Amino acid sequence: MKKNVLATLIMSVLALGASAQGLSSNPYKFLGNITTRGNVEAGGGVPQYYKLWNQITCENESKWSSVEGNRGNFNWGGADRAFSYARQHNFTYKFHALVWGAQYPGWLDNLSAGERLSAMTNWFNHAREQFEELPMIDVVNEAIGMHQQGNPMIKETLGGGGKTGYDWLIKAFEMAYERWPNAILIYNDYNSILYDIDNYIDLVRTLRNAGAPIDAYGNQSHELSGISESALKNALQKQQDALQMPMFVTELDIDIANDAQQKAQYQRVLPIMWEAPYCAGVTLWGYVHGATWVDNSGLYRNGSERPAMTWIREYMQSDAAKNAVGPLPGTKKEASVYIRPAALKVAKDDVLPIKVRARMATKTIEKIDLYANDELIATMTEEPYIAEYTAESVGKKTLKAVVTTTDGSTYERLSEIQVTRGTKRSPYNGVVAELPGTIKAEEYDEGLSGVASYNASRSTTTSTRDGQWMEYTVDVKEEGLYSIEAEIASTNANGMFHLSEYGFDNLTFYTNITKVPNTGGASSFETLRIPMTEALTAGRHVFCLNVDKGGFYIKSLTFKKVPTAELPGALEIENLVEGDGADFTSGNGGTVLCNTSAGEWLDYNVDFKYAGKYNLDATVSSAVDGSAFKVLLIEEDGNEKSLCTVNVPNTGSLDNYEVKSVKIRNSIPAGKQRIRVSITTGGCNIDKLQFICTDPTGIILPVDESVAAETQWYTPDGRRLSAPQKGLNLERTVVNGQVTTRKVVR
C-alpha cells in the first residue's frame with residue numbers, strides 16, 4: 001500500500017514537471033504566448049498558462065505608456081507578475097518593448113528633444129532598477145517606414161538618422177546593452193514578411209553592420225491568414241540569407257473565424273517557422289477568443305479548444321517539433337559578438353580600423369579570427385580585439401568574426417563594408433585640431449561622401465541641410481568636461497544639431513540636441529554656449545556634427561573647459577558638470593536654461609573663497625505663476641543640504657528677466673564643493689545665480705596701512721577695491737592716524 005502511494009506520488013511529480021514545460025519540450029526553442037486582459041491566467045475553463053506555454057510576453061503591461069502614464073509615476077505591477085510567474089515555472093520572459101513610436105506616454109509630446117532624451121533615459125534606468133536581469137528584450141518595435149505616428153519624434157529624440165541613417169536605433173540598442181548585456185536584444189517589426197521586407201532587411205542589416213548590439217530579429221507575423229507556404233518560405237529565407245542571425249516569431253496569430261480554415265492555415269504556417277534552424281522561438285499573440293486585438297484569432301472559445309489548438313497540441317508532440325534545432329539553446333545568450341568597423345564605407349587603399357566586441361556569459365575566449373571575404377585579416381588573443389584592414393579592391397566586403405572559446409566552441413558574427421574609389425580619409429589639410437581650441441565648421445575631414453561627411457559644404461554661406469553630418473579629427477590635450485561656443489546664424493528657430501562620436505564601444509552623444517534660435521539673418525551670427533554632457537578623455541577623437549534639422553548657418557565650434565565658479569560671484573547657468581533634462585537657448589545677452597520642467601536638475605563645481613552667510617540673486621523670467629527651483633549643496637557623502645528655494649515671479653514674458661533676491665538659510669563652508677539646481681515647478685528660464693556673502697567667518701583684515709586715505713574699500717578676503725561692490729565690503733577708515741574697519745553690505 002505504501003509502495004503504491006509512493007509510486008503515485010512520483011508519477012504525480014513527474015506529470016507536474018512535464019506540464020511545467022508547456023506543450024513544447026524542445027530544448028532549442030519555446031512556444032510562448034501573452035497575458036490575457038492584463039492577467040497571466042486566462043480563466044474561464046482555459047488550462048493554466050504553464051501547462052500550455054513556456055514563454056510569456058506582456059501584451060501591454062511593460063510598454064512605456066502603461067508603466068509611466070503619468071511622468072515620474074511607475075506602475076510595474078502587471079509586468080512584475082508576469083516576470084515572477086515565468087521565474088516560478090522556470091521558463092523565459094520577454095520584455096516588450098523599450099522603444100515604440102505608438103504606445104509611448106502622451107506627456108512626451110510636450111517636451112523638447114533634449115527633455116525627451118532625458119525622459120527616455122530615465123525610463124531605461126527605471127526598467128533596469130526593476131529588472132536587473134532580463135532574458136529577452138524587444139528593444140525597438142516597428143520603426144520600418146516611420147509608419148507609427150510617434151516614430152519621427154522618437155527618431156529625433158535619439159539623435160536622428162546620422163551617419164548610418166539608423167543612428168537613433170543604434171543608440172537605443174547601445175542603451176539597452178549597457179543595462180542588460182546578458183539579454184537577447186531584438187528588433188521587432190510588423191511589416192517584415194508581407195509588406196516591407198526589403199526595408200526591414202536594410203534596417204536590421206545596417207544595425208548589424210555598424211556593430212550595434214543586436215542579437216536577433218523578430219517577425220511579428222500578423223495578417224498571415226492568406227499567405228501560401230511557398231511565399232512564407234521565400235520571405236523567411238530571404239531575410240535569413242541577408243542577415244545570418246537568430247530569428248524569433250514574436251506575435252503570430254491567424255485571424256480566421258472558420259475553425260477548419262484556421263486549423264489548415266496553422267498547419268501551413270507554424271511548421272515552416274518552427275522547424276527553421278535559425279528560429280529561436282515562437283510566441284503566439286493571444287489564445288482566448290475575443291480577448292486579443294483581432295476578432296477571430298483565439299484558440300479557445302468559451303473554454304473549449306478550437307481545432308487549431310488541438311492540432312498545435314498534437315504537433316508539439318511530433319518528432320519534427322521535438323527535434324527541430326535552433327540557434328539559442330535554452331533561449332540563453334552565451335556569446336555577445338559584434339563587429340564594429342570605424343566606417344561602413346571606405347576608399348580603396350585606405351586603412352580601416354575594425355574592432356570585434358566580444359563577451360561570453362560563462363565561457364572564456366581563446367582567440368578571435370577576423371576575415372574579409374574569407375581572407376584572414378587577423379587572429380587576436382587579447383582585448384581590445386582591434387585589427388586594421390587595407391581595402392585593396394573595390395566592392396562589397398563581408399567581414400566575419402569567429403570566436404573560439406577554450407572548450408572548443410565557436411561563435412560567428414557577420415558585417416559588411418563598401419569599398420569605393422575616391423579620396424582617402426584624412427584631417428583637413430593634414431592638420432589635427434587641438435582642444436581646448438576652435439574648430440572651423442568648414443574644415444571637416446577630407447574624404448569620400450559618406451565617410452568623412454555627408455551632404456555638407458565648405459562654405460559658411462551655405463545653409464545646413466536635414467541629415468547633414470561632418471566629422472572632425474581632434475586631439476584633446478586636457479581631459480575633463482568642456483562646453484562649446486557655437487557661432488550660428490539663422491532666419492528661423494527650427495534648426496537643431498548635436499555632437500556625437502562613433503566609438504568602438506558606444507555611440508556617444510556629447511551634447512543634447514540643441515535648438516538654433518532665430519538670430520535675425522543669415523549673416524547675423526551669435527554665440528550659442530552648449531554644455532557637453534560627457535567628459536572628454538585625453539587623446540585622439542573623431543567628432544561628428546549631426547544636423548538634425550537644417551536651414552541654419554554655422555561658422556565655428558570653440559571648446560572650453562568648464563570652469564569652477566569662484567564664489568562669491570556669478571554662477572553662469574550653462575556651466576554645469578552634469579544634469580538631467582537641461583535645455584539651453586540664447587537669451588538675456590547670453591545663454592539661459594529654458595523651458596524648465598519639474599524633476600530636472602543641474603550640478604555645478606564651485607569654490608567658496610570664504611565661509612559664512614550668503615544671499616542669492618537669481619536672474620530669471622517666467623510667463624506663468626508658480627515656477628520655482630531649489631538650490632542645494634551636495635555634500636561629500638552625497639547628501640543634499642537645502643540652501644534656499646527661489647519662487648520665480650511672473651515677469652510677463654520669458655524674454656523679460658528680473659532679479660529675484662533670496663536669503664540662504666544655512667552657513668556655507670569654504671572650499672571646493674558642488675551646487676545643485678533642482679526644478680520643483682517648471683515654466684521658467686534661468687540666466688545666472690549671483691552668490692553674495694553677507695556675513696563671512698574668519699575675515700582677513702586689510703594689510704595696506706601705508707595708504708593715506710580717509711576711506712578704503714576691500715573684499716572680505718583683503719583685495720583692494722576702487723569702490724564698494726554689491727554684497728559684503730570691508731570699509732577701512734583712517735582718522736588722525738587711527739585705523740578702524742567695519743563690515744558694510746551694499
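Heavy-atom basis, side chains included; hydrogens, waters and symmetry copies ignored. None of the values given here were measured: they were computed from a predicted structure.
A heavy-atom distance below 4.5 Å is found between the side chains of Phe691 and Leu571. Within the 4.5 Å cutoff, the side chain of Leu567 has no heavy atoms near those of the Asp607 side chain. Under the 4.5 Å side-chain criterion, counting only non-hydrogen atoms from C-beta, Val592 is in contact with Thr585. Residues Trp469 and Cys544 have side chains in contact (heavy-atom distance under 4.5 Å, counting atoms from C-beta outward). Residues Tyr553 and Ile488 fail the side-chain proximity criterion, which asks for heavy atoms closer than 4.5 Å. Here the side chains of Ile137 and Phe173 are not in contact, with every heavy-atom distance at 4.5 Å or above. By the 4.5 Å heavy-atom criterion applied to side chains, Thr596 and Cys684 are counted as neighbours. Using a 4.5 Å heavy-atom cutoff, the side chains of Glu485 and Leu557 are not in contact.
Among Thr681, Asn650, Asn647, the one residue that satisfies the side chain to side chain donor-acceptor pair (under 3.5 Å) test with Asp625 is Asn650. Checking Val67, Asp80, Asn125 one by one against Gln130, the side-chain contact (heavy atoms from CB on, under 4.5 Å) holds for a single residue, Asp80.
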Next on the checklist: One pair to check against side chain to side chain contact (heavy atoms under 4.5 Å, CB included): Asp583 and Lys515. What are the steps and the verdict?
Outcome noted: CA-CA 9 Å; Asp583 197 7; Lys515 295 179 180 179; 4.1 Å; yes
Next on the checklist: One pair to check against side chain to side chain contact (heavy atoms under 4.5 Å, CB included): Tyr472 and Leu545. What are the steps and the verdict?
Outcome noted: CA-CA 8 Å; Tyr472 304 83; Leu545 181 62; 4.0 Å; yes
Next on the checklist: Working note: Glu487 + Ser556, criterion side-chain hydrogen bond (donor to acceptor under 3.5 Å, both in side chains); need CA distance, chi angles, decisive distance, verdict.
Outcome noted: CA-CA 5 Å; Glu487 282 189 279; Ser556 66; 2.6 Å; yes
Next on the checklist: Run the side chain to side chain contact (heavy atoms under 4.5 Å, CB included) test on Trp64 and Met120 for me, step by step, so that the C-alpha distance in whole Å, both residues' side-chain angles and the decisive distance to 0.1 Å come before the verdict.
Outcome noted: CA-CA 9 Å; Trp64 191 5; Met120 184 170 289; 3.7 Å; yes
Item to check | Check against side chain to side chain contact (heavy atoms under 4.5 Å, CB included), Leu602 and Leu593 | outcome: CA-CA 10 Å; Leu602 309 91; Leu593 177 69; 3.7 Å; yes
Checklist entry - Should Glu178 and Arg128 be marked as a salt bridge (charged side-chain N to carboxylate O under 4.0 Å, His left out) after you check the CA-CA gap, both sets of side-chain angles, and the distance that decides it? => result CA-CA 10 Å; Glu178 180 183 356; Arg128 173 65 175 82; over 6 Å; no
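Asn518 and Asn492 form no side-chain donor-acceptor contact under 3.5 Å, judged by distance and modelled atom types alone. In the model, Ser500 has a side-chain atom that pairs as donor or acceptor with a side-chain atom of Asn546 under 3.5 Å. At a cut-off of 3.5 Å, with distance as the only test, no side-chain donor of Thr564 or Asn605 sits close to an acceptor on the other residue. In this model, no donor atom of one side chain and acceptor atom of the other lie less than 3.5 Å apart for Asp695 and Tyr614. In summary, the side chains of Asp548 and His498 do present a donor paired with an acceptor at a separation below 3.5 Å, with no hydrogens or angles considered. Inspection of the Ser457 and Ser459 side chains reveals no N or O donor paired with an N or O acceptor under 3.5 Å. Defined by atom type and a distance below 3.5 Å, a donor-acceptor pair is present between the side-chain atoms of Arg665 and Ser642. Inspection of the Tyr510 and Glu501 side chains reveals an N or O donor paired with an N or O acceptor under 3.5 Å. Side-chain contact check for Ser524 and Thr519: no donor-acceptor pair (N or O, by modelled atom type) lies under 3.5 Å.
Scored by the side-chain contact (heavy atoms from CB on, under 4.5 Å) test, Asn656 finds Thr651, Ser653, Glu658 as partners (sequence neighbours excluded).
Rounding to the nearest 0.5 Å places CG of Asn685 at 12.0 Å from OG1 of Thr619. Atoms CG and OG1, from Leu499 and Thr533 in turn, are 9.0 Å apart once rounded to the nearest 0.5 Å. How far OH of Tyr454 is from OH of Tyr444: 13.0 Å, rounded to the nearest 0.5 Å. For the atom pair Asn60 CG and Ser66 OG, the distance stands at 5.0 Å (nearest 0.5 Å). In this structure, OG in Ser483 is found 10.0 Å from CZ in Phe584, a value given to the nearest 0.5 Å. Between atom OG1 of residue Thr121 and atom CZ of residue Phe124 there is a gap of 8.0 Å, rounded to the nearest 0.5 Å.
Across all their heavy atoms, Val624 and Gly683 have their closest contact at CG2-O, 3.9 Å. Across all their heavy atoms, Ala618 and Leu689 have their closest contact at CB-CD2, 3.7 Å. Annotation for Asn615 and Ile664: closest pair OD1-N, 4.1 Å, computed over non-hydrogen atoms. Taking each heavy atom of Met175 and Arg179 in turn, the nearest pair found is O-NH1, 2.8 Å. Across all non-hydrogen atoms, the minimal contact from Ala441 to Ile554 is CB-O, 3.4 Å. Shown here for Trp123 and Glu68, the closest heavy-atom pair between the two residues is CB-OE1, 4.4 Å.
Taking a 6.0 Å sphere around NZ of Lys663, one finds it holds 12 or fewer heavy atoms contributed by other residues, nucleotides or ligands. The environment of Lys549 atom NZ is sparse: at most 12 non-hydrogen atoms of other residues, nucleotides or ligands sit within 6.0 angstrom. More than 12 heavy atoms of other shown residues, nucleotides or ligands fall within 6.0 angstrom of atom NZ in Lys171. Residue Asn70 qualifies as open at atom CG: its count of foreign heavy atoms under 6.0 Å is 12 or below.
Glu442 and Lys555 are not joined by a salt bridge, as no carboxylate oxygen comes within less than 4.0 angstrom of a charged side-chain nitrogen. Residues Asp475 and Arg540 are paired through a salt bridge, judged by an N-O separation under 4.0 Å between the basic side chain and the carboxylate. By the 4.0 Å N-to-carboxylate-O rule, Arg116 lies close enough to Glu156 to be salt-bridged with it. For the pair Glu574 and Arg529, the salt-bridge criterion is met [side-chain N within less than 4.0 Å of a carboxylate O].
Using modelled atom types, one side-chain atom of Ser112 and one backbone atom of Glu115 make a donor-acceptor pair closer than 3.5 Å. For the pair Tyr604 (side chain) and Ile573 (backbone), a donor-acceptor distance under 3.5 Å is present. Using a distance-only test at 3.5 Å, with no hydrogens or angles considered, no donor-acceptor pair links the side chain of Glu129 to the main chain of His126. Between the side chain of Glu443 and the backbone N or O of Lys440 there is no donor-acceptor pair closer than 3.5 Å.
The aromatic ring centres of Trp76 and Phe131 sit less than 6.0 Å apart. Ring centers of Phe525 and Phe552: at least 6.0 Å apart, outside the cut-off.
Residue pairs meeting the ring-ring contact (aromatic ring centres under 6.0 Å, His included) criterion with at least one partner in residues 627-683, sequence neighbours excluded, are absent. Counting only residues at least two apart or in different chains, salt bridge (charged side-chain N to carboxylate O under 4.0 Å, His left out) contacts with residues 591-606 comprise Asp603-Arg674, Asp603-Arg676.
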